[in-house]
Q: 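What follows is a structure written as structure tokens; I'll ask about it next.
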2 protein chains.
Amino acid sequence: MSGPGNEALRIGDVAKLAGTTPRTIRYYEELGLLPQAPERPSGGHRLYSPEEVERLREVMRLKELLGVSLQELKDLLAAEEARAAVRAELQREDVHPERRRELLLQAQGHIDRQLELVEHRAAELAKLREELLSTRGRVRERLRELDALAPA
Amino acid sequence: MSGPGNEALRIGDVAKLAGTTPRTIRYYEELGLLPQAPERPSGGHRLYSPEEVERLREVMRLKELLGVSLQELKDLLAAEEARAAVRAELQREDVHPERRRELLLQAQGHIDRQLELVEHRAAELAKLREELLSTRGRVRERLRELDALAPA
DNA sequence: CCTCATCCTTACGTTCACGTCAACTTCACA
DNA sequence: TGTGAAGTTGACGTGAACGTAAGGATGAGG
């Protein structure tokens with residue numbers, strides 16, 4: 001059985017797959033951005049699953065798009081971390097509805113927090129985009145005027 | 001005659017108006033992000049017009065929204081710089097239409113470059129926003145299910 | 001089993017984007 | 001005309017986010 005989904009990746013592979021370096025991965029782990037993968041079977045080498053690669057990419061993506069510090073990002077991801085735990089707990093059927101509700105509300109709060117950040121930035125960017133488009137429109141119009149008078 | 005529009009601002013005033021520090025302003029000037037205001041009447045103090053404040057705010061805004069290094073930002077603003085010069089030159093009527101055309105095309109190129117950057121980021125952010133909204137939707141649904149079974 | 005690429009930790013180095021301090025000059029105002 | 005706040009140019013300091021080098025352990029292929 002060598003089906004896909006259970007390959008054990010080494011840190012160098014992960015780095016290449018995510019487009020970064022081993023150093024950065026260790027650094028993120030040190031900061032708590034990535035789980036400290038306490039599984040170091042026999043040797044001290046870190047091993048990763050493809051899911052971990054996705055997680056890393058997501059971290060890099062958020063860093064890029066939200067433009068926050070790694071510390072702030074850590075807080076934002078604590079949210080995601082919590083959501084993972086929540087999902088795990090919610091999987092089981094035997095959770096008190098009261099507890100379920102609490103967990104879901106908590107998850108919602110985390111998501112809303114991220115959404116707020118994202119929407120704020122998105123709005124600002126949209127505004128900037130509109131301004132640029134408008135300016136470009138004016139330039140184009142002037143070019144057309146010019147063409148009308150003295151065509152190439 | 002003390003009408004608005006010709007107040008001479010000092011670097012500290014500018015800093016407060018733009019929400020930053022004198023140090024940053026000097027640093028930006030040193031990097032070439034702000035024009036080196038060669039006008040230092042008698043004393044060596046920098047003087048600014050309200051327009052310069054706007055310029056500074058714009059720089060800060062772009063830095064924040066585009067998340068680029070100050071060097072890259074400088075290149076992007078060389079564009080804007082050029083546009084300012086272009087606008088000045090275009091104001092005059094006695095410019096060869098050929099030259100006008102050239103200037104306008106150049107300006108258009110600069111704008112398009114900025115637009116490309118902005119639209120790329122905006123698209124990425126929009127994608128992220130959609131994902132978050134979708135996730136939130138699922139959470140909400142689960143909450144509604146819960147409410148239906150065991151209302152508060 | 002040997003070897004060599006890859007990994008480990010530790011630690012110091014580097015770049016960016018400023019902060020801060022020193023020594024001095026200039027401006028605003030009583 | 002003094003005097004305190006604000007400005008000037010160096011210069012060095014700093015936090016974030018890694019890069020890089022040292023010295024040694026580990027793992028995969030021949």
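By convention in this document, chain letters (A, B, ...) are assigned in the order of the sequence lines, proteins followed by strands, and residues within each chain are numbered from 1.
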Q: Rounded to the nearest angstrom, tell me the gap between atom CG in B:Leu33 and atom P in C:dA17.
A: 9 Å
Q: Hey, does B:Arg46 reach any base, or is it just sugar-phosphate, or nothing, if we go heavy atoms under 4.0 Å?
A: sugar-phosphate
Q: With nearest nucleotide decided by heavy atoms, which residue, B:Gly12 or A:Arg23, maps closer to the 5′ end of DNA chain D?
A: B:Gly12
Q: Pick the closest DNA chain D nucleotide for A:Thr24 and for A:Gly44 by heavy atoms, then say which residue is nearer the 5' end.
A: A:Thr24
Q: Which of the following nucleotides, D:dA17, C:dC18, C:dC7, is nearest to the side chain of A:Tyr27?
A: D:dA17
Q: Nearest whole Å is fine: how far is D:dG27 P from A:Asp13 CG?
A: 15 Å
Q: CZ of A:Arg10 versus P of C:dC7: gap in Å, rounded?
A: 5 Å
Q: For the pair made of CG in B:Leu62 and P in C:dA17, what is the distance, rounded to whole Å?
A: 14 Å
Q: For the side chain of A:Lys63, starting at C-beta, report the closest nucleotide among D:dC18, C:dC18, C:dC27.
A: D:dC18
Q: What is the nucleic acid contact for A:Leu31, judged by heavy atoms within less than 4.0 Å: base, sugar-phosphate only, or nothing?
A: nothing
Q: Using atom types as modelled and distance alone, determine if a side-chain donor or acceptor of B:Arg121 lies under 3.5 Å from a backbone N or O of B:Leu66.
A: yes
Q: Between D:dT26, D:dG7, D:dA17, which nucleotide gets closest to the side-chain atoms of B:His45?
A: D:dG7
Q: Any salt bridge between B:Glu102 and B:Arg99, counting N to O under 4.0 Å?
A: yes
Q: Would the number of heavy atoms belonging to other residues, nucleotides or ligands and lying under 6.0 Å from CD of B:Glu116 be above 12?
A: no
Q: Taking it one step at a time, do A:Gln71 and A:Ser69 satisfy side chain to side chain donor-acceptor pair (under 3.5 Å)?
A: CA-CA 5 Å; A:Gln71 274 305 322; A:Ser69 79; over 6 Å; no
Q: In this structure, how many angstroms lie between the P atom of D:dT9 and the CD1 atom of B:Ile11, rounded?
A: 8 Å
Q: Just wondering, do A:Tyr28 and A:Thr20 contact through their side chains at under 4.5 Å, heavy atoms?
A: no
Q: How close or far is atom P of C:dC16 from atom CG of A:Leu70, stated in whole angstroms?
A: 18 Å
Q: Choose from C:dG19, D:dC18, C:dC7 the nucleotide whose nearest atom is closest to any side-chain atom of B:Thr21.
A: C:dG19
Q: When you match A:Arg26 and B:Gly43 each to their closest nucleotide on DNA chain C, which lands nearer the 5' end?
A: A:Arg26
Q: Taking the side chain of B:Tyr28 as its heavy atoms from C-beta onward, which of C:dC18, C:dC8, D:dA17 lies nearest to it?
A: C:dC18
Q: Just how far, in rounded Å, is P of C:dT25 from CZ of B:Arg40?
A: 16 Å
Q: D:dA28 C1' sits how many Å from A:Leu9 CG, rounded?
A: 16 Å
